[in-house]
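To start, the structure under review is shown below, and the notes come after it.
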Amino acid sequence: MVDNRADNRGDDDLTEPEPGLVWPRGTTVSPVADEGGSKFVTGKGGEHDYQDTSDFDGVVEDIPVTLDIKPLGRDTAKSSDEISGDSVALSSTSQAGPDYVSPSYEAEEISTADNDIKPKFVPGGFGLYQQKSDFAVTLDDIPVTLDVTLVVRPLDDKISYDVFWDIILKQKVPVTTSLVAVMGLPSSGKTAVLESILRQKVKVKDGAKIDHYLRRKKNEQCLSIYELCALGSSRHDKYAWSFATNRYGAIFSILCGLIRLYPIISSVEFELRDQKPESVIEEHVQWLMGNIQDLLEKIKDESGKLTLIQDGVSLINVMDVGVNKALYDFLSMMLLSCDRHIRLAFFSLNRDGPKLHEKPDLPSRRYGDRKDDILVMQPRSRLTYLLHFATVGYTNKDQLEKETENATVMIATKTRPKGSPAGNTPSLDQAKKEIIEQARLRNVDHFLKNWIVIDIDDEKSITKEFGQRMEDILKNKYDQLTIQLPLRWIFLRSLVVSLDSTETKAIILSKKYIIETADKLKMKEDEVENFLKTFTDFGSILYMPQYDDIKDIVIVNIWEFTQYLNKLYYPQEGEPYATNLLKYGIISESSVKKIFFKHPKNAEDFMTVLTTFAMASKIKSGQSILIDQKPLQPEVHYYLPLARICEVYKPSEEENDYAFIEIESVNFPANVQACISNSILKNKDAVLIATEHNNISRFQFQSESGPPVKIEMIYKGSKTRLRIMNSSNDILTSPATVEACKKCDLLSEGSGARTSENNLLNFQDISGIITGKYKFDAFKKALNIDESKFPDLSNPEDKLSDFDVKGDDIPADLVVKPYKEKICHDSKFWDIILHEKVPVVTSLIAVMGLPNCGKTKVLESVLKQKIELKDGAELGIHYYLNRKRDENCLSIYDLCALGSSQHNKYAWSFATNRHGAIYSILCRLICLTPCVADIEFEVTNQAPKSVMDRHVRWLMRKTKSLLQNIKDEPGKLALIQDGVSLINVIDVGVNKALYEFLSIMLLSCHRHIRLAFFSLNRDAPNLQERPDLPSDCYGKRKDDVLVMQHRSRLTYLLHFATVGYTQQQWHGEEVQNATVMIATTTDSTNDSSSDQAKDKIIQEAQSRGVDQFLKKWLQVDVNASHSVAEFRKKIEDLVEHKYKQRMMWFPLKWIVLRSLVVSLDSRGMNVMILPRSFIIHKAKELKMTEKEVDEFLKAFTDFGSILYMPQYDDIKDIVIVNIWEFTQYLNKLYYPQEGEPYAPNLLKYGIVSESFVKRIFCKHPESAEDFLTILTTIAMASKIKSGLFILINNQKQNNEVHYYLLLARIHAEYTPSEEENDYAFIEIKSVNFPANVQAGISNAIMDNNDDAVLIATEYSNVS
């Protein structure tokens, strides 16, 4: 597979994977012969197996889902007229909305009946469809002439090992990821609900048992993990759920990439290798290739299955958290690193609702064997634990800065007691009120936005209330967060979890080993870092580089890790190490290694993770541990206070000689005692005195000048007591105690004893303990509080494993009905428009610059290079370039980059008003039906009944025609199905009115990039001087003496570099790629000239505080095609990089609505302005709400397709739907022809009457008033209610509305003498200045003062 992306240019010569790998800790791996398959023997004698088969092979036949999906089948199909309710005849107006008449379309698209109808003109409405506008010299729409060179290999070329490897190395696939953490109060029914919905969603073949898969990674006493794969991604109308095991996630992802590369998938053939693999990587590639071939062979003719796979993959890890004292602490830390997680917090309305302020009830019959019934969740109330589950994994900073609306789902379960009436079930209202009230007190109520009530005895309730709601929440939370994952990342993940050592899967790998393995996939170290972070985000692995001690450790099997956590904290009583561990929480390092006999290399790393999390304390020698006054053996030991099972110690009320640490935050660590113990035992002078009570820890500190000091800690949940005594049990009175206090810095006078409500516990809080009775120097050393060494909690498969009860891969079958019906107008095609979405990348590129810098020449050279027309195309490239071109004003190039920003190449074309819609509809059609040869259209000959009906028919005919032409061309199909990029390029000419309009417009276009051009020849040596506008080019319109004469070239250049950004955005937004500075040259200007100009510009930018915009610099020789080609590639890469992860999913109905409103016309002219109310009326036919219309208007304004500025009250109901036509009238108004009757007063005084304005807008009478309202709103013109308030030569004007457009005047400027010094000054030094401050002030004076009279003046700079 050929891929020419810039970041892979060095990968063309593929290197075969080396036979020898490096195992963690430097153990080499080499291949040896073995009868049972490929074995790789480590240098230390261990075996490293890669097994070809899994426990699930033999039953896997298909994509593992059986959901019956009808991608386009929704409600009973209705015609567009029935849906919209619009039965407007062509000769009459609609009764339901504004008086607009439907347009006519091209003659060849209209039936005979249509041609007999002549639309009647209605004032304020639209007449016939006119192909030519007043300023366009060509048609509005274009013939499809795109000629795409294949980006895939010819289909008669089989997919060999090398081609398959190349696909893995270079392709990306759309993936949505999420971790769903299912937590809750004991016996709330969460596991029953979760498994019930999985049984409903995931269907297996006849004869296969789903229990087999549910038990794969299930442990009700610890953690259960369900690795799910939702084919179709979050964008599909339904999820097709399956279990996604370690390697099948890779199979689905690679298959997705294959189908997207080879749209004619039935022609794909594989050429498998016969030779034996020489490395683990080769073994893994061959295994994947064989399985993908088998799967593809079975589904290649099944359109529905191909649709789901190519549409994307969602990888959802669901973790069901059981009652486990160690697991709670571990997950509190883990979730801080998993940024894409959702928390489900379960509670029972029957058990917990009435007793929220009591401790949780853990039935002894279920939890007594492990003593969890008396030890777990006892220090706090049910309500506190519930709020903890609702917020765990979020820091204070996250709570304020992140979107938390869908971060938590509160789930209340209920059961109906036997014999009780149907309506006699507990209500959520009272419990919800109590929970929210407490959450508000704790300042975490913003998490509690989603509530679900489930009757766990009712399957329908589980399906509807839980199953469907959770799908919707997942879709909504990650609506715009589909990421393009490189296949090599997915391959690497599947490889590392397929490795094993001593007959069990690896739990932990070193980062160094992963880097070495990734190097064979041509991944650099920084890419490995991104890979680790991405897969940590959704709990697939766990990598936490923020903690120094474990920054080289990667947990690649989280479930296996938690099983060992469970084994360590809940030892079997028969084990030799169990006695001290269960009684005192003490275990030796040698005993730990015995537990990890199948993972000897992981034992040390495992304990390092626990000590880093402050769940365990490492004691360098048993001599520092006293059990019954006797020290232990001199080897490393660990103290795990949570492992003890003796009951808690309850001090009497008389014992009041303690200092307190009180933590009331719901975001508490599971056990503060473990944290503090870890800190104290870091002190070499501290000794642990073993105690049996599970909530007490005692330590002895040896003083140099007297008897030892004892520290006693009693953990009681929110309150932890600390007492410091000498050997005589005197409380802090002896000289030795004072010495210890000074030396160890434990208690600091004046610091707070209670942590604030919303702060996570951190070690600074522990050191800030005081008591009202005693005041001492702090004991910092005894607690060993060192921020650089401790984590800050406020920031933070083939063989069966020891705990696996079933294998790695799964059987399942997908049943999807393929397309058998024809796509007819009334149902299928309309249904696609109403319900489907397409991946779209949008951008506005504003090309600005100093006069005569060559920007237009460069731009058009790029377009001529990039857009290739077919041989024999009827119209040349200049036809398209001239469509919306005006060098004296604004030129717009509506571009469409097929393939989206994620494709390996752009295939550029012009995208006109309606062809953008055709490409988008075709994109979705191909995705829905990958076997495009099966698509048939059924076109009706009935007369259209409405505007929308006519428009949809036109789109359907064009889509059918285009698809017919390309259905056998895989390159074009691949590009179109991969997405559409809509790029509007505006080339800003020298125009005094346009500059001011664009300054305002770009403030509303949030997805714009500015290209600021200047000439190294003309401008670089004269940056401090005014711009030079040659009279032969600009003299006719007097722009040579009026435009850009007030400031230096350098100031104007910085203005172009920053226009459209506010001060707030300069500091708050990522602006690195917002501007590109482009230096043009017409000769071989040396680099020193370029560098000198750059230095001057940056120096000035720094003084103006805008240097952050000037990060991108390009140089182009306007006369050298190779230089222009290089420039084109860099701009293309820039657009792709800026919006790399910002692909959006646009509803097709939005795109159709946009194409409709720009197809309307009035008096033979394209519509320029429409009222928002009219668009809302038309949008109702597309089932769009008013809120959705506002979202639509905002999305299309962002990239300059339309202009909607609701922030200004006077124009919040005005939408400019044709920006180019608007700027043509702007040009016509500010540069009137001298023969026009209104020209003298306008050119001399800037005055024009309303009646003359209407004459200018004779083809847009309905737009005249709105047009001037926009100009007055943005302070480009002043509206004067009557000519009686205007004096020209002391004569009042006619009594009608007039407008003052001071920029229209063409007389030279007035230069006051130095003696005229009786002025106040307004000085604007910002580079983000308005084009003409005079216009703004004049507007303010005339609009807000009824007593003001305008005295007409000729000078262009005087009012």
Report task. Starting at CE of M333, measure out to CG of L542 and round the result to the nearest 0.5 Å. Result -> 10.0 Å
**Report entry** Residue list, side-chain contact (heavy atoms from CB on, under 4.5 Å) with T534, at least two apart or on another chain
**Finding:** I483, L485, W489
Report summary line: Across all chains, not counting sequence neighbours, the side-chain contact (heavy atoms from CB on, under 4.5 Å) partners of N602 are I507, I508, H599
Requested in this report: Could you tell me which residues satisfy side chain to side chain donor-acceptor pair (under 3.5 Å) with S540, sequence neighbours excluded, listed by chain and number?
Outcome: R493
Query raised in the report: By ring-ring contact (aromatic ring centres under 6.0 Å, His included), which residues pair with F606, not counting sequence neighbours?
Result: F561, F596
Query - Validation row: V182, M319 side chains within 4.5 angstrom (heavy atoms) - result: no
Report task. Check whether NZ of the Lys or CZ of the Arg K325 lies under 6.0 Å from the centre of the six-membered ring of Y570 and within 45 degrees of that ring's axis. Result -> yes
Query raised in the report: Would you call F347 and I411 a side-chain contact if the rule is heavy atoms closer than 4.5 Å?
Result: no
Query raised in the report: Would you say the side chain of I254 lies within less than 4.5 Å of the side chain of I168, judging by non-hydrogen atoms?
Result: yes
Requested in this report: Return the set of residues passing side chain to side chain donor-acceptor pair (under 3.5 Å) with S196 (not counting sequence neighbours), or none when no residue passes.
Outcome: E459
Requested in this report: Please list, chain by chain and in numerical order, all residues satisfying side-chain contact (heavy atoms from CB on, under 4.5 Å) with E195, sequence neighbours excluded.
Outcome: T191, R199, L214, K218, Y226
Query raised in the report: For the atom pair CG (L532) and CG (L492), what is the distance rounded to the nearest 0.5 Å?
Result: 8.0 Å
Query raised in the report: Are side-chain heavy atoms of I555 and M334 found at a separation under 4.5 Å?
Result: no
Query raised in the report: Yes or no on side-chain hydrogen bond (donor to acceptor under 3.5 Å, both in side chains) for Q221 and N566, after CA distance, side-chain angles and deciding distance?
Result: CA-CA 8 Å; Q221 293 182 326; N566 183 61; 5.3 Å; no
Query - Partner residues of D537 under the side-chain contact (heavy atoms from CB on, under 4.5 Å) criterion, sequence neighbours left out - result: D339, R340, K533
Query raised in the report: In chain order, what residues pass the side chain to side chain donor-acceptor pair (under 3.5 Å) check against Y569, with sequence neighbours excluded?
Result: none
Query - Any residue meeting side chain to side chain donor-acceptor pair (under 3.5 Å) with Y367, in chain and number order, not counting sequence neighbours - result: none
Query raised in the report: Between L194, L344, V318, which is the residue that forms a side-chain contact (heavy atoms from CB on, under 4.5 Å) with M470?
Result: L344
Requested in this report: Classify the side-chain pair H284/S494 by whether it contains a donor and acceptor separated by less than 3.5 Å.
Outcome: yes
Requested in this report: Report the residues that fulfil ring-ring contact (aromatic ring centres under 6.0 Å, His included) with F535, sequence neighbours left out, ordered by chain and then residue number.
Outcome: F531, F538
Report summary line: Quick note, salt bridge (Lys or Arg N to Asp or Glu O under 4.0 Å) partners involving residues 177-186, not counting sequence neighbours, are none
Requested in this report: Mind checking the CG-OG1 spacing from D552 to T608? Nearest 0.5 Å is all I need.
Outcome: 11.0 Å
